[in-house]
Structures are given as structure tokens and as C-alpha cells.
Amino acid sequence: MKARHDSICVFEFGASKELVLRLKDDVDLVQSITEIAKTKGVKAGTFTAIGALKRAKLGYYDQRSHEYRETTIEAAMELASCTGNVSLKGGEPFVHAHAVLSDEKGNTRAGHLLEGSVFAAEVHLTQLEGPALERKYDKATELMLWVPE
Amino acid sequence: MKARHDSICVFEFGASKELVLRLKDDVDLVQSITEIAKTKGVKAGTFTAIGALKRAKLGYYDQRSHEYRETTIEAAMELASCTGNVSLKGGEPFVHAHAVLSDEKGNTRAGHLLEGSVFAAEVHLTQLEGPALERKYDKATELMLWVPE
Amino acid sequence: MKARHDSICVFEFGASKELVLRLKDDVDLVQSITEIAKTKGVKAGTFTAIGALKRAKLGYYDQRSHEYRETTIEAAMELASCTGNVSLKGGEPFVHAHAVLSDEKGNTRAGHLLEGSVFAAEVHLTQLEGPALERKYDKATELMLWVPE
């Protein structure tokens with residue numbers, strides 16, 4: 001399969017600031033990064049995180065029905081991987097994060113991270129300076145995606 | 001186990017440019033990043049991606065027989081994690097990517113991402129400026145790996 | 001759940017240097033990155049890695065008993081994802097890494113990466129310049145975590 005060039009939106013960013021965060025007990029991972037983005041004026045950014053969660057809610061987007069299916073995990077899990085970004089939605093910083101969780105035997109669960117109650121978490125957030133990275137309604141997927149200005 | 005110092009190749013890079021990409025429906029994730037690397041002159045870089053795929057082909061390298069084993073996943077999956085890099089192979093930008101995919105129940109499949117048909121994907125590609133990062137044949141592993149100049 | 005603002009420690013960093021590493025056969029991934037951090041004077045940083053391991057030891061932190069449970073994987077696995085950071089512990093560079101591993105069928109195991117014997121690995125380490133990022137004993141979790149000065 002070849003990439004069709006009109007099928008890729010490219011946004012270029014220049015200088016960046018690096019934020020390292022330690023999230024403490026009982027905060028929500030997604031909400032905390034959202035709050036820090038607002039406080040620090042991060043309008044575009046990307047992050048990774050590792051740590052451990054007390055519970056989590058994972059999402060799966062049904063590509064046919066265009067509905068989210070949610071799985072709540074009521075267990076203490078390692079945050080084996082977490083990757084995400086910050087952009088604007090309705091003019092406000094919005095966090096989109098995916099995660100891989102693992103239990104005491106190393107077994108995994110993964111998906112879109114809707115909620116994650118923190119036991120301990122270490123986040124590296126790169127603030128990007130450049131064009132507006134704004135989510136708008138995409139008819140084809142019924143998701144809020146980035147569109148060039 | 002200690003690290004033997006001659007067992008690590010280190011390449012140092014300076015300033016970088018940050019590219020944020022939105023990949024649209026039906027393009028291949030690996031091919032699209034390769035194409036953008038060529039268009040933007042990215043000779044060395046690293047990236048992360050999240051999103052959702054319609055189908056994927058994962059690879060596993062057999063460390064004894066030195067052959068790739070492939071698994072094709074004919075299902076809509078979340079791209080729970082994707083990490084990769086861009087370097088040169090035969091003088092052209094080449095993408096090496098690994099991924100973790102998840103289904104509607106959060107169950108996972110992972111490996112070397114050989115092909116990934118995009119439903120929606122958000123990529124953060126950091127362009128690195130510095131020495132040539134070129135893949136050459138490595139006799140011990142029979143893989144194309146980075147070798148210092 | 002809302003983020004409580006006193007529950008987030010924020011560390012801001014400025015300019016950074018990008019290191020790309022190729023780890024060779026039989027070195028330990030965690031030890032190798034630790035050694036490079038010491039050699040290059042990396043006191044704070046974050047990294048990602050992909051590749052393949054010959055064996056690994058994964059950890060899971062029991063959030064009730066505050067003890068690590070270890071799982072040793074005596075098998076050749078793809079390093080499907082690896083995310084981590086470098087900070088100081090007792091004044092010396094210390095590596096904290098989490099990983100997702102996958103077998104020949106794409107099945108996964110994940111957790112805190114305590115040991116990882118390398119078959120081949122490609123690492124992108126971002127060196128951060130800024131405040132001291134030092135681990136100190138945290139009474140609530142009984143872990144060594146970052147505390148603002």
C-alpha cells in the first residue's frame with residue numbers, strides 16, 4: 001500500500017520546552033496532564049508516561065458503528081506504556097492518550113486511556129511551539145481530528 | 001550483567017525539528033512516515049504514534065533461524081503504542097517501527113510493525129540533525145543495523 | 001476525578017541533546033543506558049527503545065504490600081515498546097524503564113523492565129538540561145520518587 005500524499009496533514013513546530021511531571025496518588029492521569037497543559041499554556045505537545053495505576057478505563061473505537069466501547073479495569077496495574085498528545089479542542093487544551101497496562105504476571109490490557117487513577121506516574125511532556133493544532137469534527141470517522149488551517 | 005562499552009554505538013545529534021502528522025483513512029502507516037521523511041529531508045529521526053488501524057502485519061524475528069515470522073491481523077485494532085525511528089538504508093530514508101495493538105476487550109498483539117492500514121493516526125516525528133545514521137548489514141544478527149562511520 | 005494541583009510536581013527543562021544508541025548482543029538494556037548516562041553526563045533524560053531481547057526480568061509493584069513481584073521470561077522476545085527516564089538516585093544516574101515484549105505469535109508480556117538481555121536494540125535518549133531530578137524516599141508508596149528541591 002502506498003501513501004497518498006493528500007492523505008497526510010503535516011504540522012511543523014520549532015523550539016520546544018520539556019516538562020517532567022510526577023503525578024501523585026489518586027489524581028487522574030488524563031485530567032492532570034490537561035490541567036498542567038492549561039496552567040503552562042501548552043497548546044500543542046506530546047508526552048510519554050510510565051508508572052502504576054489503581055484503576056483505569058480503556059476505550060476502543062468501533063470503526064463501523066463509530067461508538068466507543070469502554071472497559072473498566074478495577075485492579076492495580078503497571079502503566080507499561082503511555083503515549084499521547086496535547087492539542088486544542090474548542091480552544092482549550094485537550095489530551096489524547098493511549099496506554100498499555102500490565103498485571104502481576106505481566107499480562108496486558110491496552111487501548112485509549114479514558115481514565116487512569118494514579119498510584120505513581122512519571123510524565124515527560126514536550127511543549128511544541130508553532131501552528132494551531134486544533135481538533136475539528138471529521139465526517140468520515142466521526143472523530144475530532146486535526147485539520148490544517 | 002554489565003554493559004560492555006564497546007557494545008554500544010552512540011550517535012549525538014543537535015537541534016531538531018518537530019513534525020506532527022495526521023494520517024488519514026487507508027494509507028499505510030509505515031509507508032506514510034517513509035514518504036514524509038523523504039519529502040521533508042528527514043535522514044534521522046524518531047517517532048511515536050497513536051490511533052487506530054484497520055488491519056496490520058506484525059513481524060517477529062527468530063533469533064536462531066534469522067528469519068522473520070509474520071502475523072497478519074485482519075481486524076480493527078487500537079494502535080495502543082507505536083515507537084519507531086527513521087534512518088538511512090541504501091541512502092534512502094527507512095522506517096523501523098514496533099507497535100502494540102488492542103481489540104475491543106483491551107486484549108493485545110504486538111511486534112515489529114511491517115504494515116498498518118490506517119483508520120486514523122496521530123504521529124509525532126522528531127527530526128534529528130547530525131551524523132549519518134545508516135543501516136548496514138550486521139553479520140552477527142543478519143539484520144541491517146547502525147554502524148558508526 | 002479532578003487533578004489536585006498540589007499533587008503534581010513540575011520540573012521545567014530547556015535545551016536538550018539527542019543521543020541515538022545501538023546496543024549490541026548480550027548487554028543488559030538497563031545497565032547500558034545507565035552506563036551511557038554516566039559517560040555522557042546525563043543527569044536527567046527520557047528515552048524510548050525498540051529491538052529484541054533474549055531474556056528479560058519484569059517487575060510488578062504490589063500497591064498493597066509495597067513489594068516487587070518479578071517475572072523472568074526465558075525466551076526471545078521482540079521489544080515492542082520501551083519507555084523510560086534517567087534521573088539521579090544517590091547522586092548517580094539511575095534508569096527507570098517499562099517495557100512491552102511480544103512473542104512469535106504477537107502475544108505480549110509487560111511491566112517494569114528490571115533486566116533485559118539485548119539481541120539488538122535501538123534507543124533514542126533525550127538529555128534534559130535543568131533542575132536536579134533526584135529520587136528520594138516517598139513514604140506513601142515506599143518508592144524512590146522525584147521531589148522538588
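Values reported hereafter were calculated over all heavy atoms of this structure, with side chains retained and with hydrogens, waters and symmetry mates removed. In what follows, chains are A, B, ... by sequence order, proteins preceding strands, each numbered from 1.
With a 4.5 Å cut-off on non-hydrogen atoms, A:K40 touches chain C through its side chain but not through its backbone. Using a 4.5 Å cut-off between heavy atoms, A:L79 touches chain C through its backbone atoms (N, CA, C, O) alone. Within the 4.5 angstrom heavy-atom criterion, only side-chain atoms of C:D138, from C-beta onward, approach chain A. In this structure, the portions of A:V20 lying under 4.5 Å from any heavy atom of chain C include both its backbone and its side chain.
The choice from C:R109, C:R69, C:H112 that makes the most heavy-atom pairs within less than 4.5 Å of chain A is C:R109. Contact tally against chain A (heavy-atom pairs below 4.5 Å) for C:L101, C:T141, C:D62: the top residue is C:T141. When A:I50, A:V123, A:V100, A:L21 are compared by the number of non-hydrogen pairs under 4.5 Å with chain C, A:I50 comes out ahead.
By the 4.0 Å N-to-carboxylate-O rule, C:R55 lies close enough to C:E115 to be salt-bridged with it.
Between the side chains of A:T108 and C:T108, at least one donor-acceptor pair of N or O atoms lies under 3.5 Å.
The structure places CG of A:L125 at 8.5 Å from CD of A:E18, a figure rounded to the nearest 0.5 Å.
Between C:Y61 and C:H66, the distance from one ring center to the other falls under 6.0 angstrom.
In this structure, C:L143 and C:R135 have side chains that are not in contact, with every pair of non-hydrogen atoms separated by 4.5 Å or more.
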